[in-house]
Number of protein chains: 2
Amino acid sequence: MDKEISQAVIRRMPRYYRYLGELIDAGVERISSNDLSSRMKVTASQIRQDLNNFGGFGQQGYGYNVKYLYEEIGKILGLNEKHNIIIVGAGNLGQALANYVKFEKFGFVIIALFDVNPDLKGQKVRGIEIHMLDELDEFVKHNKVDIATLTMPKSKADTIANHLVDLGVPAIWNFAHVDLELVDKNVVVENVHLSDSLMQLSYNIVKNKQK
Amino acid sequence: MDKEISQAVIRRMPRYYRYLGELIDAGVERISSNDLSSRMKVTASQIRQDLNNFGGFGQQGYGYNVKYLYEEIGKILGLNEKHNIIIVGAGNLGQALANYVKFEKFGFVIIALFDVNPDLKGQKVRGIEIHMLDELDEFVKHNKVDIATLTMPKSKADTIANHLVDLGVPAIWNFAHVDLELVDKNVVVENVHLSDSLMQLSYNIVKNKQK
DNA sequence: TAGATTGTTAATCGATTAACAATC
DNA sequence: TAGATTGTTAATCGATTAACAATC
């Protein structure tokens with residue numbers, strides 16, 4: 001049994017991945033933890049500790065091969081596999097997310113949107129069809145859905161989330177401003193609470209003024 | 001000099017605020033840390049420690065007055081003051097954020113959008129005008145701008161961010177997928193990296209499958 | 001071989017939890 | 001007054017940093 005890797009480490013992995021991607025684009029072949037640490041403004045020690053949670057990717061006296069490390073982190077983050085995403089709630093935010101081409105670069109493909117608004121029926125966003133919510137069950141049964149994105153009003157989020165999980169959807173990307181109650185269900189949830197983010201910013205503005 | 005309050009605490013404050021708001025709506029007048037802890041699934045000890053960073057809001061033998069605590073946390077988060085927001089980048093995400101009415105409930109008011117696309121000139125999103133980027137300087141000089149939201153492509157984010165800070169904008173809400181380089185500048189930054197969020201979710205999906 | 005840099009153990013620091021005296 | 005519950009100190013736990021032996 002592997003020791004559990006803390007979410008603090010996981011949160012840093014996409015950032016390593018991003019910097020390594022930039023280094024590849026810049027034509028850099030190898031990098032030391034010390035060099036990377038000064039670019040990223042974290043300690044070299046933390047970089048080495050973080051990476052060694054997953055294995056020894058470096059070489060003494062040499063450092064890390066940028067391309068190799070990039071690919072390994074990609075695998076750790078599951079980016080070597082394609083993830084099909086549906087978006088439930090085709091309002092402004094849902095459609096904005098559907099328009100984000102960049103996610104596909106990392107293997108995240110949006111395959112459908114759902115909404116209750118009949119005006120949207122059959123419309124397409126970047127070629128992706130908006131379905132009616134009552135078609136959801138059929139769709140999930142006949143398509144591989146890896147992630148369901150929740151961009152509907154919070155009053156409906158909990159019911160739909162539970163329904164999706166019961167249909168077998170293994171992961172939820174939740175933009176609704178509630179804590180989903182998915183008791184005893186085997187599902188992975190990632191919350192994006194934009195209001196919370198704004199409030200944190202607001203706190204830091206007040207604090208910064210006081211200095 | 002106050003002791004510095006950790007960002008770990010700050011990240012939890014909006015969640016307390018949200019639960020207290022729901023308790024008010026539910027007509028609950030007072031609550032103990034123990035009661036709140038079982039609802040929120042954190043320890044009562046943590047709740048009391050967190051709150052006591054800012055002051056003693058409770059009363060022995062009674063607990064916390066919900067409405068009072070809600071208001072006090074609101075003040076801590078700076079929600080008693082109005083914050084004017086501009087959105088730089090009026091693409092899908094920028095417009096989606098402009099359409100979010102809910103932010104106003106917390107005092108965050110979006111007063112303008114900016115873009116380089118001439119097709120958008122003069123258009124309005126929920127009554128909020130889209131300006132051309134070359135009008136930015138004049139606008140910032142003549143209007144109180146508390147927060148600039150960056151929803152433009154990452155290649156432009158750094159330059160515009162630096163420019164905004166030089167114009168006197170004290171805070172940046174950054175949706176561009178880069179770490180802004182604002183060396184030696186007195187500015188507060190809050191990042192929302194949606195790709196990173198998806199990657200964390202992806203990692204947890206892989207991990208969850210292995211169990 | 002000598003120099004560089006990792007992987008990993010040990011030390012430190014900070015955050016969380018437990019315990020309980022203070023007090024409403 | 002007795003019971004409840006906070007505010008706060010002390011104990012524990014976990015995460016970060018420092019140090020260095022291993023090794024390329």
Side-chain angles (χ1 to χ4, degrees), chain A residues 1-16 19-20 23 28-73 76 200 203-204 207, chain B residues 1-16 19-20 23 28-73 76 200 203-204 207:
Chain A
M1 194 189 72
D2 295 326
K3 66 180 176 313
E4 191 79 3
I5 293 161
S6 80
Q7 289 297 311
V9 173
I10 304 311
R11 266 197 300 276
R12 287 192 290 267
M13 297 309 286
R15 189 156 176 263
Y16 294 135
Y19 272 81
L20 290 163
L23 286 169
V28 178
E29 262 185 32
R30 70 185 182 101
I31 194 154
S32 68
S33 58
N34 211 275
D35 209 352
L36 190 58
S37 89
S38 56
R39 288 168 190 261
M40 295 186 64
K41 279 148 200 153
V42 296
T43 64
S45 203
Q46 181 162 76
I47 292 172
R48 295 202 300 276
Q49 284 278 25
D50 282 353
L51 296 178
N52 278 89
N53 280 300
F54 303 100
F57 303 119
Q59 198 169 66
Q60 284 98 330
Y62 173 87
Y64 299 88
N65 178 289
V66 174
K67 194 151 184 299
Y68 172 68
L69 185 56
Y70 178 79
E71 279 163 8
E72 288 302 311
I73 295 179
I76 290 164
Q200 286 166 49
Y203 170 84
N204 284 310
K207 191 186 67 176
Chain B
M1 195 188 71
D2 293 328
K3 66 178 176 311
E4 192 78 2
I5 293 161
S6 80
Q7 289 297 313
V9 174
I10 305 310
R11 266 198 299 277
R12 288 192 290 266
M13 298 308 287
R15 189 156 177 262
Y16 293 136
Y19 272 81
L20 289 163
L23 286 170
V28 178
E29 262 184 33
R30 71 185 182 99
I31 194 155
S32 68
S33 56
N34 211 275
D35 208 351
L36 189 58
S37 90
S38 57
R39 287 170 192 259
M40 294 186 66
K41 279 149 200 150
V42 296
T43 63
S45 203
Q46 180 162 76
I47 292 172
R48 296 203 298 278
Q49 285 277 25
D50 282 353
L51 296 178
N52 278 88
N53 281 299
F54 303 99
F57 303 119
Q59 198 170 66
Q60 283 98 330
Y62 173 86
Y64 299 88
N65 178 289
V66 174
K67 195 150 184 298
Y68 172 70
L69 185 58
Y70 178 79
E71 280 162 7
E72 289 300 311
I73 294 178
I76 290 164
Q200 286 166 49
Y203 170 84
N204 284 310
K207 192 186 68 177

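Letters A, B, ... mirror the listed sequences (proteins, then strands); counts begin at 1. Model, not experiment: these values are computed from the prediction. Note that these values count all heavy atoms, side chains included, but never hydrogens, waters or copies made by symmetry.
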Review point. For the pair made of CD in B/Gln60 and C1' in D/dT5, what is the distance, rounded to whole Å?
Key: 7 Å
Check your understanding: Any side-chain N or O of A/Arg12 under 4.0 Å from OP1/OP2 of D/dT16?
Key -> yes
Exercise for review: Enter the distance from B/Ile31:CD1 to B/Leu23:CG here, rounded to the nearest 0.5 Å.
Suggested key: 4.5 Å
Check your understanding: Could you state the CG-P distance from A/Leu69 to C/dT5, rounded to the nearest angstrom?
Key -> 16 Å
Exercise for review: To the nearest Å, give me how far apart CD1 (A/Ile5) and P (D/dG14) are.
Suggested key: 15 Å
Practice item. Rounded off to whole Å, could you give me the CG-to-C1' distance for the A/Asp35 and C/dA4 pair? Key: 13 Å
Check your understanding: If you pin B/Gln7 and A/Leu51 to their nearest nucleotides in DNA chain C, which one's is more 5'?
Key -> A/Leu51
Check your understanding: Do A/Gln59 side-chain and D/dT23 base share a donor-acceptor contact under 3.5 Å?
Key -> no
Review point. Is there a donor in the side chain of A/Asn204 and an acceptor in the side chain of B/Gln7, or the other way round, less than 3.5 Å apart?
Key: yes
**Study point:** Test applied, side chain to side chain donor-acceptor pair (under 3.5 Å); reference residue, B/Ser33; option that passes from B/Gln46, B/Arg48, B/Gln49
**Key:** B/Arg48
Study note, to complete from the structure: Ranking C/dT5, C/dT8, D/dT16 by distance to the side chain of A/Asn52, first place goes to C/dT8
Revision key, fill the gap. From the candidates C/dT17, C/dG7, C/dC24, the one with an atom nearest any side-chain atom of B/Gln49 is C/dT17
Practice item. Taking only the side-chain heavy atoms of B/Ser45 (C-beta and beyond), determine which of C/dA19, C/dT6, C/dT9 contains the nearest atom. Key: C/dA19
Exercise for review: Using heavy atoms to find the nearest nucleotide of DNA chain D for B/Gly58 and A/Gln46 separately, return the residue whose nucleotide is more 5′.
Suggested key: B/Gly58
Exercise for review: Among the candidates D/dT16, C/dG7, C/dA15, find the nucleotide nearest to the side-chain atoms of B/Ser6.
Suggested key: C/dA15
Study note, to complete from the structure: D/dC24 -> Watson-Crick or G-U wobble partner, both distances under 3.5 Å, gives C/dG3
Revision key, fill the gap. Quick note, B/Arg48 side chain, CB onward, closest among C/dC24, C/dT17, D/dT8 is D/dT8
Exercise for review: Identify the nucleotide, in any strand shown, that forms a Watson-Crick or G-U wobble pair with C/dT12, with both distances under 3.5 Å; if there is none, say none.
Suggested key: D/dA15
Point to revise | Length of the line joining A/Asn53:CG and D/dG14:C1', which is rounded to integer Å | key: 13 Å
Review point. Can a salt bridge be assigned to the pair A/Lys67 and A/Glu72 using a cut-off of 4.0 Å between side-chain N and carboxylate O?
Key: no
Point to revise | Presence of A/Tyr64 side-chain N/O under 4.0 Å of D/dC24 phosphate oxygens OP1/OP2 | key: no
**Study point:** For atom CZ of A/Arg30 and atom C1' of C/dT6, their distance in whole Å
**Key:** 12 Å
Check your understanding: For A/Glu29, does the CD atom have more than 12 heavy-atom neighbours from other residues, nucleotides or ligands under 6.0 Å away?
Key -> no
**Study point:** Interatomic distance where CG belongs to A/Asp50 and C1' belongs to D/dT17 [whole Å]
**Key:** 12 Å
Exercise for review: Give a yes/no on whether any side-chain N or O of B/Thr43 is located under 4.0 angstrom from OP1 or OP2 of C/dT16.
Suggested key: no
Point to revise | Euclidean distance, atom CD1 of residue A/Ile31 to atom P of C/dA4 [Å, nearest integer] | key: 17 Å
